[in-house]
Amino acid sequence: MANEVKIRLTDAQKAKIKEATGKDLPEIHVESFGSTPAVSAPAPSASLKSAKSMRAAKSLRAAKSMRAAKSLRAAKSMRSAKSMKAAKSMRSAKSMRSAKSMRSAKSMRSAKSL
């Protein structure tokens with residue numbers, strides 16, 4: 001017949017265990033099978049597992065939102081670079097047209113004076 005004992009830990013003991021292992025243990029289970037005692041911690045509760053999964057989900061969401069923000073910034077900077085290039089090319093096209101019209105106006109004036 002197996003004997004089982006549950007030992008409730010004090011706050012100081014819980015703090016020491018948490019500091020050393022990073023785990024929150026409210027109690028320790030001690031069982032005796034024959035002449036060999038077996039010591040174990042209670043199985044992790046569902047709330048601990050759900051808390052870990054929630055933290056993992058939050059970090060995943062944060063990583064996704066950061067990637068989305070970076071890609072949005074990159075897209076905006078590309079659009080602004082394209083619009084700057086377009087504006088420069090329009091300006092150069094306008095200046096070329098104005099230079100051509102000025103040349104034609106000069107040639108027309110010189111033709112009239114002859």
Side-chain angles (χ1 to χ4, degrees):
M1 186 169 164
N3 294 329
E4 183 178 313
V5 177
K6 292 181 187 177
I7 302 171
R8 286 265 180 216
L9 299 172
T10 65
D11 292 335
Q13 291 169 328
K14 288 178 193 178
K16 282 184 182 179
I17 291 172
K18 187 165 186 167
E19 183 181 318
T21 64
K23 295 180 181 180
D24 189 20
L25 300 176
E27 58 188 29
I28 296 177
H29 295 249
V30 180
E31 297 177 350
S32 176
F33 297 103
S35 62
T36 309
V39 178
S40 65
S45 65
S47 62
L48 181 62
K49 287 180 185 175
S50 65
K52 284 183 182 178
S53 64
M54 281 182 58
R55 270 186 257 138
K58 282 183 182 178
S59 65
L60 183 63
R61 278 193 300 260
K64 281 183 180 179
S65 66
M66 280 186 58
R67 274 181 272 167
K70 283 182 181 178
S71 66
L72 183 64
R73 278 192 296 247
K76 282 183 179 178
S77 66
M78 280 193 52
R79 276 183 285 201
S80 66
K82 283 183 180 178
S83 66
M84 282 179 61
K85 285 180 191 172
K88 284 182 181 177
S89 66
M90 282 194 54
R91 273 184 259 153
S92 65
K94 283 182 180 178
S95 65
M96 282 180 61
R97 274 185 263 156
S98 67
K100 283 182 183 178
S101 67
M102 283 180 67
R103 270 187 248 133
S104 66
K106 282 183 183 179
S107 65
M108 287 176 73
R109 275 191 226 130
S110 64
K112 281 185 184 178
S113 65
L114 290 175

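One is the number of the first residue; the rest follow in order along the sequence.
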*Asks:* Over all heavy atoms of both residues, which pair between A62 and S65 is shortest? Give the atoms and the distance, please.
*Replies:* O-OG, 2.9 Å
*Asks:* Within this structure, what is the CD-CD1 distance for the pair E19 and I17, rounded to the nearest 0.5 Å?
*Replies:* 11.5 Å
*Asks:* For the atom pair CG (L9) and NZ (K16), what is the distance rounded to the nearest 0.5 Å?
*Replies:* 11.5 Å
*Asks:* Do K23 and K18 touch side chain to side chain, with heavy atoms closer than 4.5 Å?
*Replies:* no
*Asks:* Give, for atom CD of E27 and atom NZ of K14, the distance between the pair rounded to the nearest 0.5 Å.
*Replies:* 9.0 Å
*Asks:* Could you grab the distance from atom NE2 of H29 to atom NZ of K6, nearest 0.5 Å is fine?
*Replies:* 5.0 Å
*Asks:* Is the closest side-chain heavy-atom distance between R67 and K70 below 4.5 Å?
*Replies:* no
